[in-house]
Amino acid sequence: LRHAERGRRADVDSAHLFLARYQIRMSQVPAKARPTPADAPRMSAVQEKVSAEQAISVVESSAQEIENIELFTDSVRFLRRRGDGLAEAAATLGRGKARGLVTQCVDAVEHLVDLFCDDDMGCPAAEGFLDELTEASELMVLMQAESGDTPAADAVTLLLQLRREMEMKLAA
C-alpha cells in the first residue's frame, strides 16, 4: 500500500514538474480537458470501506510522534534550498544535459542519510524515515546509471516527495 501511494504521489509530482517546466497553469488548460469528478471511477461500498480502513492504518503507522523536530525542520529547509539550487541549475542546462542534477540529488539524499544517522535521540519517526532515505539513496544510485533527462526528473521528484513526507510528519 505504501509503495502504491508513493507511486501515485510520484505521478502527481511528475505532472507538477512538467507543468512547471513548460509554465502551464490550470487556467490555461481548456475546460473540456480538465478532469471532472464524473471522470473518476466509482468505487463500490465494499471498496470504499476497504480503502478507508487502509487509509486509517497508513495514517496510524505514519503518525509517529517526532521527538527531534529540529532534525526534520532543518532537513526540510535543506531540501528547499537544494530545490532552489536545482531549479536554477536546470534553467541553464540544455536538453540532454541534466545528468549533473542526478549527482546533486544523490549528494542531497546522502547528506540527509548522514543527518538522520547522527541523530542520537532514538526518535522512532526519524528511524523510520531513515529507512525511506536509504531506499531513496539506493534508487538514486540506480538513476545515475541511466542516461538522458528522465533520471534527473525522477531524482528531483524523489527529493520533492521526501520533503513532502517530512513536512507531513511535522504537521501531524
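Below, each value reflects all heavy atoms present in this structure, side chains not excepted, and no hydrogens, waters or symmetry copies.
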Any [X] side-chain heavy atom under 4.5 Å of [Y] side chain:
X    : Y    : result
S75  : F129 : no
L159 : L86  : yes
L158 : C105 : no
L79  : L112 : yes
L133 : S137 : no
E67  : P124 : yes

Sorted by chain and residue number, the side-chain contact (heavy atoms from CB on, under 4.5 Å) partners of L170 (sequence neighbours excluded) come out as I66, I69, F72, T73, V76
Pairs meeting criterion salt bridge (Lys or Arg N to Asp or Glu O under 4.0 Å) with involvement of residues 100-120, two or more places apart: none
In chain order, what residues pass the salt bridge (Lys or Arg N to Asp or Glu O under 4.0 Å) check against [X], with sequence neighbours excluded?
X    : answer
E167 : R80, R163
R77  : D74
R82  : none

Which heavy atom of A126 sits nearest to which heavy atom of L71, and what is that distance? CB-CD2, 4.0 Å
Return the minimal non-hydrogen interatomic distance between A155 and M140, and the atom names on each side. O-CE, 3.3 Å
Taking side chain to side chain donor-acceptor pair (under 3.5 Å) as the definition, give me every residue that meets it alongside E165, ordered by chain and number, with sequence neighbours left out. R9
How many angstroms lie between CD in Q161 and CE in M168, if you round to the nearest 0.5 Å? 11.0 Å
Taken to the nearest 0.5 Å, the spacing of D149 CG from D154 CG works out to 11.0 Å
